[in-house]
*Asks:* 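Have a look at the structure that comes next, please.
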Amino acid sequence: MDDRQIIELYNERSETAISETADKYGKYLYYIAYHILYNEQDSEECVNDTYLRTWEAIPPQYPNKLSAFLGRITRNLALNRYRYYMKEKRGYGQTSLVLDELQECVPAGNSTEQAIEEKLLVEVINRFLHELPIEKRMMFLRRYWYLSSIKEIAEDYEMSEGKVKMTLLRIRNKLKQILEKEGIVL
Amino acid sequence: MKNERIFDALEKIDAELIDEAAPGNKPPKKMKDKTWLKWGGMAACALVIVGVGVPFLFSGDRNLSGGVDNEELQLEGNISDITSDGKVQNEAGEGETNLDTMAYMTEIKIKIDEIFPDGFRGTIELGTDVFKEGEQITVVAQDNVTVVQKDGSIFDYDELEPNIKESDLAVGNSVWVGFQRFDYVVGNGKYNQIFAYHVVERDDSIATDNEPIEELTLEEAVTDAKFGNLFPATILDGYVLQDTVAVLNDTVLVASFDNATLGDELTIRIASREWFSSQKRDLVQNTVLYREKDGASYIYIAGGENIIQYTFSRTDIADNEQFYDMVYSASYFSECIDYPDIDVSE
């Protein structure tokens with residue numbers, strides 16, 4: 001079933017919408033949650049919560065890309081759960097590693113300056129990503145959006161782990177440069 | 001946490017980017033670099049020069065190879081006759097008994113007098129000690145030559161070559177013919193043969209000798225209009241420039257640096273893709289390579305129209321983390337977003 005048909009089912013308030021979503025995107029959403037939480041039960045719960053949130057969101061929303069729409073919800077739910085666990089010192093998985101890596105992108109800036117609004121930050125990052133060559137962009141997002149491990153990316157992209165690390169390092173450095181050039185303060 | 005702000009902002013990036021990078025999606029395969037094919041229809045042909053009025057056009061140095069595959073093509077001189085010519089670029093060095101496969105020999109300029117289905121005949125306009133000016137030679141494309149390279153890989157010319165008849169060569173035109181020596185093994189015997197490995201119609205201003213005409217300081221090299229954008233602003237610690245940075249005939253920039261502590265020598269060369277490809281037929285870019293003979297490591301890094309080559313005489317680039325800092329200190333790489341991936345895994 002194509003995405004438009006699934007969205008129509010949500011609009012018609014047909015519960016088949018959820019089973020169709022699960023059939024088509026269940027694995028994808030589980031992947032996202034699992035790479036953040038590294039726990040089967042938590043990941044499954046996040047995926048199920050995603051269906052409920054989607055049920056609540058459509059209508060009135062009408063996503064252009066259902067996969068990304070669902071993925072965002074799952075990622076958000078999993079990260080909230082991750083942050084809760086971190087407070088309880090129960091964190092696992094790639095998240096803390098990824099956050100450490102992203103620390104390298106933080107531009108130097110005066111702490112008294114006004115922090116940039118998220119909308120502008122998203123715009124700059126979007127532009128940066130669009131300008132990256134496709135392979136580098138995909139690699140960056142596999143790591144920092146999907147939280148895939150370096151090993152997994154290396155296997156999928158048929159390159160050495162060293163090369164993946166080196167490429168990600170350079171993209172992070174470049175992002176930092178761009179953020180600084182734009183005068184962005186976080 | 002500021003890093004979390006970036007992390008959270010990523011969540012809201014364009015949906016198409018999220019979709020594009022989804023697990024299971026693979027990046028599009030890169031096209032194999034075939035820059036050297038730009039030379040035209042004949043570029044990939046294995047061309048064999050046969051003598052017409054020239055007694056020796058081929059080298060089969062028995063001392064080096066232990067055999068000559070084709071008596072008809074035997075050269076009465078030897079390789080050093082050619083390499084003593086000031087125009088030779090031979091990575092393995094003159095007089096070595098272990099010449100690299102595909103060592104570059106020399107180039108001559110030929111004015112085409114007649115075209116055949118499988119080659120052409122012409123008059124040497126600019127020659128060497130061996131290929132003398134004014135003499136006539138015939139260049140013949142030879143099929144079905146299998147070359148076993150020293151690393152064990154094999155390639156057949158007929159897998160590569162376009163049809164010579166499709167070339168845009170024309171009577172009256174002048175072309176440059178480059179020579180390459182291949183060592184190869186048949187059965188228990190080791191043979192070598194020299195092929196004209198490319199034919200190129202090009203601007204005569206491209207240098208064929210190595211006489212420096214311009215000498216620069218490091219500061220001047222960085223701002224040089226032609227090569228400066230690839231020249232590193234930061235040289236590795238401990239490496240001291242020998243003399244000056246030389247630009248040879250406005251074609252090749254060469255700078256050598258010594259590291260007395262490590263006994264290492266770093267050489268930087270910058271030139272056009274075409275120039276490098278004329279030196280080495282299958283130019284592997286952005287991957288660290290090694291010279292078995294002396295343990296040197298070297299790399300060709302693509303940067304726009306030009307290529308920069310770094311060679312370390314004794315140390316391994318892959319062990320040197322500062323190497324990347326040096327490479328990316330060149331303005332070309334610090335300004336462009338599509339910086340090269342450097343593969344050190346091999």
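Hydrogens, waters and symmetry mates are skipped; everything else that's a heavy atom, side chains included, is used. A note on names: the letters A, B, ... follow the listed sequences, proteins ahead of strands, and every chain is numbered from 1.
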*Asks:* Does any heavy atom of chain B fall under 4.5 Å from the side chain of A:Phe69, the backbone, both, or neither of them?
*Replies:* neither
*Asks:* Taking A:Arg53 for the side chain and A:Leu70 for the main chain, is one N or O donor matched with an acceptor at less than 3.5 Å?
*Replies:* no
*Asks:* Would you say the side-chain atoms of B:Ser256 pair up with the backbone N or O of B:Thr267, donor to acceptor, closer than 3.5 Å?
*Replies:* no
*Asks:* Validate the cation-pi geometry between A:Arg13 and A:Trp55: distance from NZ or CZ to the six-membered ring centre under 6.0 Å, angle to the ring axis within 45°.
*Replies:* yes
*Asks:* Against chain B, label A:Leu147 side chain, backbone, both or neither, depending on which of its atoms sit under 4.5 Å from a heavy atom there.
*Replies:* side chain
*Asks:* Taking every heavy-atom pair that is under 4.5 Å apart, which of A:Gln177, A:His130, A:Glu123, A:Glu152 has the most such pairs with chain B?
*Replies:* A:His130
*Asks:* Need one label for A:Leu79: side chain, backbone, both or neither, based on atoms under 4.5 Å from any heavy atom in chain B.
*Replies:* side chain
*Asks:* Counting heavy-atom pairs under 4.5 Å to chain B, which of A:Leu129, A:Asp156, A:Asn76 comes out on top?
*Replies:* A:Asn76
*Asks:* Output the option from A:Leu99, A:Val98, A:Ile125, A:Ile153 having the highest count of non-hydrogen pairs under 4.5 Å with chain B.
*Replies:* A:Leu99
*Asks:* Relative to B:Phe7, does A:Arg75 satisfy both conditions: NZ or CZ under 6.0 angstrom from the six-membered ring centre, and within 45 degrees of the ring's axis?
*Replies:* yes
*Asks:* Please look at A:Leu179 and chain B and tell me whether the side chain, the backbone, both or neither of the residue comes under 4.5 angstrom of a heavy atom of that chain.
*Replies:* side chain
*Asks:* Less than 6.0 angstrom separating the ring centers of B:Phe227 and B:Phe231, yes or no?
*Replies:* no
*Asks:* Quick one: does any side-chain atom of B:Asp316 pair with a main-chain N or O of B:Ala318 as donor and acceptor, under 3.5 Å?
*Replies:* yes
*Asks:* So, the side chain of A:Gln61 versus the backbone of A:Ile58: is there a donor-acceptor pair under 3.5 Å, distance only?
*Replies:* no
*Asks:* Heavy-atom distance under 4.5 Å to chain B: side chain of A:Tyr146, backbone, both or neither?
*Replies:* side chain
*Asks:* Under a 4.5 Å cutoff for heavy-atom pairs, which residue among A:Asn126, A:Ile134, A:Val124 has the most contacts with chain B?
*Replies:* A:Asn126
